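Remarks on the structure that follows.
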Amino acid sequence: MNFAGRTSSVRITVVITSVFTVAIAASAIGKSSSIPHFQTTGAATQLIVDGKPFLILGGELGNSTASSEESLQSVWPTLEALHLNTVLAPVYWEQLEPTEGKFDYTLVDSPIDQARAHHFKLVLLWFGVWKNSMSTYVPAWVKQDEKRFPRAEDQEGNRLDILSPFSQVTLETDETAFASLMRHLREKDSSRHTVLMVQAENEIGMLPKACDYSDLAKSAMNDAVPSQLLDQIKTSNPVDSAAAALWRQHGSPTSGNWTEVFGSDDAGAEVFMAWHYAQFIEALVKAGKAEYPLPMYVNVALNFPGKKPGQYPAGGAVPHLLDVWRAGARDLDAISPDVYFLDFGDWTAKYLAVGRPLFVPETMRTERAAANALFLIGAQNAIGFSPFAIESVPDWPNELLGQTYGLLGQLMPEIAQAQSEGNIYGLLPHVRADGTVDFSSQTIHIGDYILTVTFDGPSPAFPTTQPIADPAMRGRGLPTSGGLLYVTGPGEYTVIGTGVKIRHSADTEKVGLLSVDEWTCRNGRWSHYRWLNGDQTNQGREVHLYPGDLKMQRVKLYQF
Ligand code: DGJ
């Protein structure tokens, strides 16, 4: 029986979370509907590809995998088995421009051609001036010409293997190379849209010193702090913003040079670096978009709590510098955290607050990746998820991630609609930074219905006792439980996940299960498998996605 067939004694009206007025606001650049762009529709900003919302079910390749056509050829069977739809692949400046002004697009074309042949989309990563703080991907003619391309220096004048962001020549040379890449992408791909987004540089920031003290940098320190930044920090919360806190500590000046406004220690120096890195990226992104305005983002090496600037890449877009980056890099479409910490959702929440689309380009590829992906898409309207060194997955089984990507790929239109309607939820037990798990129940209100969600405990499959050196393998042994849930109609929802149990109630009436349909995957397609009742719903008391495999159930509720 459906809701319409109930008698008047049964409360049949279910107020589903309101459907937002569709408000389309294409990003300033990338307005053309024909190339991939961001669009805000109702409650979500989504990546639009060929006119439709697209979720990046991705994985990033290891750093050297795309450095030859032959090496790249080896990855596709694994990526196909994992049901990825998008691959994140580097483009290396040293191989793109081996001689100044002479561009070789072989290693741009090979990922595009191979991705097309295997039906994947691509996000290209520009390993230009900086990759993990360092400048090791610049061409030999840049590496060996320190006069033209000055290095950052520490306070004692020791040169670092990092090009100084204060050099206009370095910026212009990087811009020329990046613009040539984007021009080539326009020529090769603007009618096919294999390439969806481009990452500008990789994990920027100063290491192991917090600041560049080269002559160029020291001179810039004496410049006045731009009003654009001062205006921003006046409205920033000093609890979250290092710049706002330091500005207040120094008497909230309305003008002054960098040390006058923010102080001369490493904390102040980090604000100075953040602004100049952001401005460098702003110029780079503008130069690239002038050729082909694909969405562009930076990825961020996060700062483990308690670490000091320089112990992590200082001046990158870490949470306490996000306002500086927002003001300094306005044309950057997204600021994307590389999350290698166990308290995954806490970090992504900080980047959701930036107000730009949320994307996680790098994260752990453990068996917990599936739950994190579902949470990110369900709770935080992310546009995509991408574990690192994805082609290494055959080292260990990860059916969960493959099943999850396969199902999300199939349900993408429904999920995108639920995101824009604000009718989607993430289900994840809270994992603390130290890896302990809070198994407290969580509550979701859907109209009159109250859903109480609990999670199954850890699977003993993977021991956590041995130290794990590879950051992308942190968190082995944590529970794989988690999922997402979205409303499909009055009193109806679909839940996807593993190790999740849901009980239902309402303020004044009792709630029962009208029907629970289990779906399963056959030959790569998910479809209805069987009705669940009896023991499988604990005699009508709950919906349970048992731990282990990915499950999907379509649930209808009623009140009595
Ligand atoms: C983060 C970097 O962005 C990646 O390119 C890679 O070096 C990983 N770290 C390795 O863990």
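One-based numbering, in listed order, for ligands and for the atoms of each. Please read these numbers as outputs of a predicted model, since none were measured by experiment.
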- Are any of the side-chain nitrogens in Lys131 or Glu94 under 4.0 Å away from the carboxylate oxygens of its partner? no

- Between Asp174 and Trp93, a side-chain donor and acceptor under 3.5 Å: no

- Item | SB check Asp161 Arg151 (cutoff 4.0 Å) | yes

- Are the side chain of Glu391 and the backbone of Gly62 linked by a donor-acceptor contact shorter than 3.5 Å? yes

- Message: Taking the ring centre of each residue, are Phe304 and Phe341 less than 6.0 Å apart?
- Response: yes

- Query: Hey, would you say the His276 and Phe272 ring centroids sit under 6.0 Å apart?
  - Reply: yes

Run through all N or O atoms in ligand 1 and write down each protein N or O closer than 3.5 Å, as a pair with its distance.
residue  : atom  : partner : partner atom : Å
ligand 1 : 3 (O) : Asn132  : OD1          : 3.4
ligand 1 : 3 (O) : Asn202  : ND2          : 2.8
ligand 1 : 3 (O) : Glu203  : OE2          : 3.4
ligand 1 : 3 (O) : Glu362  : OE1          : 3.2
ligand 1 : 3 (O) : Glu362  : OE2          : 2.6
ligand 1 : 5 (O) : Asn63   : ND2          : 2.9
ligand 1 : 5 (O) : Lys131  : NZ           : 2.9
ligand 1 : 7 (O) : Asn63   : OD1          : 3.4
ligand 1 : 7 (O) : Lys131  : NZ           : 3.0
ligand 1 : 7 (O) : Asn132  : ND2          : 3.4

